[in-house]
Chemist: 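Quick one: the structure is below, questions incoming.
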Amino acid sequence: AQSVTQLGSHVSVSEGALVLLRCNYSSSVPPYLFWYVQYPNQGLQLLLKYTTGATLVKGINGFEAEFKKSETSFHLTKPSAHMSDAAEYFCAVTPGNSGGYQKVTFGTGTKLQVIP
Amino acid sequence: GAGVSQSPSNKVTEKGKDVELRCDPISGHTALYWYRQRLGQGLEFLIYFQGNSAPDKSGLPSDRFSAERTGESVSTLTIQRTQQEDSAVYLCASSLSPSSGRAGEQFFGPGTRLTVL
């Protein structure tokens, strides 16, 4: 079984401030973890992913996330927010190395507002 | 190659009518997912196809919902006797097989916006 919890359905930051979007997961096997972004009136696109190896992963547009097994977390960060970062962000988990079954479970999403 | 395509992009129907939504995944992607996204809400998992395995239908909200997939290509989601609560954007996504090491990395279509009057 797997699940994802995103703390905070809405987050507001000032332009230039640190962005921190929280994601905690549960998985009975080592997970693969993802962040997706959905810009207004657009489809979802992959922002970054963790499968194995380095626990700090970098994605597009200056975002990065760190896999912390001990905390079962995969928080998304960006040092300096831009107006163009306003979007909805979804964290997702799938069982890694599951031998063929890889249903992806999404969190409920966090809407990021960037204030000028 | 082309991305995931969905048709129609918009569908307006009357309550009680049946609708059929289509998804064309990326060629070579063995996994296909359907999600529902109600206005202002997150993704609701509906069904997952993986190769020739039996689909995971655990997310279908009622027996009015069904989905089929032809081999590893086109999928159709059918909603019978539509209700106003079915109004939402229906998203399709596909991904490579688990053996690729990139499973779970989903490519989404633009969605079908369904409005039930």
Side-chain angles (χ1 to χ4, degrees), chain A residues 1-10 21 23 25 27 29-53 57 59-60 67 74 87-111 113, chain B residues 2-7 9-10 23-26 29-60 72 89-113:
Chain A
Q2 56 190 22
S3 66
V4 174
T5 302
Q6 291 185 241
L7 292 176
S9 58
H10 291 79
L21 304 183
C23 172
Y25 70 91
S27 178
V29 299
Y32 289 176
L33 294 157
F34 308 83
W35 276 98
Y36 286 82
V37 60
Q38 185 176 32
Y39 296 104
N41 299 313
Q42 295 187 30
L44 279 82
Q45 62 182 89
L46 183 68
L47 194 57
L48 51 77
K49 64 179 181 181
Y50 167 80
T51 54
T52 58
V57 292
I60 60 173
F67 170 60
F74 191 57
E88 187 158 19
Y89 294 80
F90 293 91
C91 183
V93 63
T94 192
N97 300 321
S98 66
Y101 182 81
Q102 299 217 286
K103 174 182 170 182
V104 179
T105 300
F106 281 83
T108 52
T110 298
K111 290 182 180 176
Q113 179 185 23
Chain B
V4 178
S5 61
Q6 293 185 244
S7 61
S9 56
N10 282 282
C23 173
D24 283 87
I26 293 173
H29 281 195
T30 59
L32 187 147
Y33 307 77
W34 282 100
Y35 298 93
R36 180 168 68 180
Q37 187 175 31
R38 290 193 167 114
L39 185 64
Q41 298 188 21
L43 293 173
E44 179 184 359
F45 166 77
L46 296 177
I47 188 169
Y48 159 52
F49 295 91
Q50 176 60 64
N52 295 317
S53 302
D56 179 345
K57 303 180 180 181
S58 60
L60 295 178
E72 294 184 352
V89 175
Y90 289 82
L91 293 168
C92 175
S94 69
S95 67
L96 289 165
S97 72
S99 61
S100 71
R102 296 183 62 185
E105 182 179 329
Q106 297 189 3
F107 293 80
F108 282 81
T112 294
R113 182 175 300 278

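Within every chain, numbering begins at 1; the chains are lettered A, B, ... in the order of the sequence lines, protein sequences first and strands thereafter. Side-chain atoms are counted along with the backbone in the values below, which use heavy atoms only and exclude waters and symmetry mates. For clarity, every value in this text was computed on a predicted model and none was experimentally measured.
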Chemist: Decide yes or no for B:His29 and B:Val4: does some side-chain heavy atom of the first lie under 4.5 Å from some side-chain heavy atom of the second?
Modeler: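 A side-chain contact under 4.5 Å is absent here.
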Chemist: Is it the side chain or the backbone of B:Tyr35 that comes within 4.5 Å of chain A heavy atoms, both, or neither?
Modeler: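 Contact with chain A is through the side chain of B:Tyr35 alone.
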Chemist: Looking at A:Gln6, A:Lys49, A:Gln42, A:Lys111, which has the largest count of heavy-atom pairs under 4.5 Å with chain B?
Modeler: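 Of the options given, most contacts go to A:Lys49.
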Chemist: Return yes if a side-chain donor-acceptor contact under 3.5 Å exists between B:Gln50 and B:Tyr48, otherwise no.
Modeler: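 The answer is yes; a qualifying pair exists.
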Chemist: Quick check on B:Leu43 against chain A: is it the side chain, the backbone, both or neither that has a heavy atom closer than 4.5 Å?
Modeler: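 Interface part for B:Leu43: both.
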Chemist: Taking side chain as everything from C-beta outward and backbone as N, CA, C, O, which of these in B:Gln106 sits under 4.5 Å from a heavy atom of chain A? Side chain, backbone, both or neither.
Modeler: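 Both the backbone and the side chain of B:Gln106 come within 4.5 Å of chain A.
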Chemist: Show your reasoning for whether side-chain contact (heavy atoms from CB on, under 4.5 Å) applies to A:Trp35 and A:Val37.
Modeler: CA-CA 7 Å; A:Trp35 276 98; A:Val37 60; over 6 Å; no
Chemist: By side-chain contact (heavy atoms from CB on, under 4.5 Å), which residues pair with B:Glu72, not counting sequence neighbours?
Modeler: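 Applying side-chain contact (heavy atoms from CB on, under 4.5 Å) to B:Glu72 gives B:Thr30, B:Arg69.
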